[in-house]
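Residue numbers count from 1 along this sequence. Atoms within a ligand are numbered from 1 in the order they appear, just like the ligands themselves.
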Amino acid sequence: FQKIKEGLTKTRDSMVKNFEGMLNSFTKIDEELFEELEEILIMSDVGVSTSSTICKKLREKVKETGTTDPSEVKNLLKGIITEMMSGGEELNISTKPSVILVIGVNGVGKTTTIGKMSADLKRRGKKVLLGAADTFRAAAIEQLGVWAERAGVEMVKHTEGADPAAVVFDSITAGKARGADVILCDTAGRLHNKKNLMDELAKISRVIEREAPDCDKEVLLVLDATTGQNAVNQAKQFQAVAGLTGIVLTKLDGTARGGVVIAIKEELGIPIKYIGVGEQIDDLQPFNAADFVEALFD
Ligand code: GDP
């Protein structure tokens, strides 16, 4: 919890501190208060439509509770945002094995995230096997290998340029043979080549369906929180080509744009599964809406 709190320092300073200051300048709850609040939310990368939804819900809550005291707005807001972000945070990985595909464009923190996730799953008693199915760059395979070693998990790899679906096939075969609980596959996320990406993901999905038909599956998209509303757009583009089941939002530390977490869940309806709050191996936190809101607001 402390880690999340520290990671959210900048977002808290820009969003919540501003909004507390604003509330202090009001003696009663009126339309001007809602408008100023909406502006602060938009400035904090919560996005226009999500900010408007939050304020609409707040108006309803204020009416419902009959309160006129601005100091009660913070608690009402906490409840509204927690409710909006709740649901589906847990990874769906109860079968042995389960298969997780991780997608994301270069630089968002995908490799680091897979490394950290391996460590987190291992800590939870899961035997993890990595599949290096981002075969587009040799560096990607090497870098994943470094993380596999750091996290103490096994990895299946082919050479650069190999068929990603073949890597996934081998990873599933190896995972089953070695008794892995979770097969975690890196995949390429080249958005500028949508047709290829779509074909590649479709082929990988067919392999998984054939080789692991009754297994739990996740398709996670890694997004960089420092890109703010661009992260939302990126998610929408990926959602159109891949059946996403969850989002990992990285680099929440060091950005004031953490409000984007709220927008993503609301606008895409895809749950956040993890948040990245630093570069170290234990800087990835399973997402929990109530903890997130508590850390953000207090
Ligand atoms: P990839 O190209 O998507 O695989 O990205 P990498 O995993 O190589 O990460 C790119 C950079 O982002 C590296 O310098 C990472 O250390 C950094 N990074 C990844 N996740 C986080 C995070 O949660 N917080 C911070 N501050 N840096 C991160």
Sole residue of Arg12, Lys78, Lys5 in salt bridge (Lys or Arg N to Asp or Glu O under 4.0 Å) with Asp298 | Lys78
Under 3.5 Å: N/O of [X] near N/O of ligand 1:
{"X": "Asp253", "answer": "yes"}
{"X": "Thr113", "answer": "no"}
{"X": "Asp283", "answer": "no"}
{"X": "Arg137", "answer": "no"}
{"X": "Leu252", "answer": "no"}
{"X": "Asn106", "answer": "no"}

Looking at ligand 1, does [X] have a heavy atom less than 4.0 Å from it?
{"X": "Gly254", "answer": "no"}
{"X": "Val222", "answer": "no"}
{"X": "Gly107", "answer": "yes"}

Salt-bridge test for Arg124 and Asp120: reply yes if a basic N is under 4.0 Å from a carboxylate O, no otherwise.
->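 A salt bridge is present here (some side-chain N lies under 4.0 Å from a carboxylate O).
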If you take all heavy atoms of [X] and [Y], which pair is closest and at what distance?
{"X": "Leu33", "Y": "Leu23", "result": "CD1-CD2, 3.8 Å"}
{"X": "Glu266", "Y": "Met84", "result": "OE1-CE, 3.3 Å"}
{"X": "Ala151", "Y": "Ser118", "result": "CB-CB, 3.9 Å"}
{"X": "Ala188", "Y": "Ile103", "result": "O-CG2, 4.3 Å"}

To the nearest 0.5 Å, tell me how far Lys110 NZ sits from Asp186 CG.
-> 3.5 Å
How far does CD of Glu211 sit from CG of Asp170, to the nearest 0.5 angstrom?
-> 10.0 Å
Tell me: protein heavy atom nearest [atom], and distance?
{"atom": "atom 4 (O) of ligand 1", "value": "Thr111 OG1, 2.5 Å"}
{"atom": "atom 27 (N) of ligand 1", "value": "Glu279 CG, 3.3 Å"}
{"atom": "atom 11 (C) of ligand 1", "value": "Lys251 NZ, 4.1 Å"}

Atoms of ligand 1 less than 4.0 Å from [X] heavy atoms?
{"X": "Gly276", "answer": "23 (O)"}
{"X": "Lys110", "answer": "1 (P), 3 (O), 4 (O), 5 (O), 7 (O)"}
{"X": "Val105", "answer": "3 (O)"}
{"X": "Gln143", "answer": "8 (O)"}
{"X": "Val277", "answer": "23 (O)"}
{"X": "Thr112", "answer": "6 (P), 7 (O), 9 (O), 15 (C), 19 (C)"}

Anything under 30° is parallel, anything over 60° is perpendicular, the rest tilted; go ahead and classify Phe292 against Phe287.
-> tilted
Side chain Ser171, main chain Val167, donor-acceptor under 3.5 Å | yes
Hey, mind stepping through Glu218 and Thr245 against side-chain hydrogen bond (donor to acceptor under 3.5 Å, both in side chains) and telling me if it holds?
-> CA-CA 6 Å; Glu218 290 273 3; Thr245 61; 2.5 Å; yes
Closest candidate by heavy atom, reference atom 21 (C) of ligand 1, pool Gly109, Gly278, Ala140 = Gly278
Mode of Lys116 contact toward ligand 1 - side chain, backbone, both, neither (heavy atoms, under 4.0 Å) |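 Lys116 to ligand 1: side-chain contact only, backbone stays beyond 4.0 Å.
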Check the surroundings of atom CZ in Phe19: do more than 12 heavy atoms from other residues, nucleotides or ligands lie under 6.0 Å from it?
->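 Enclosed.
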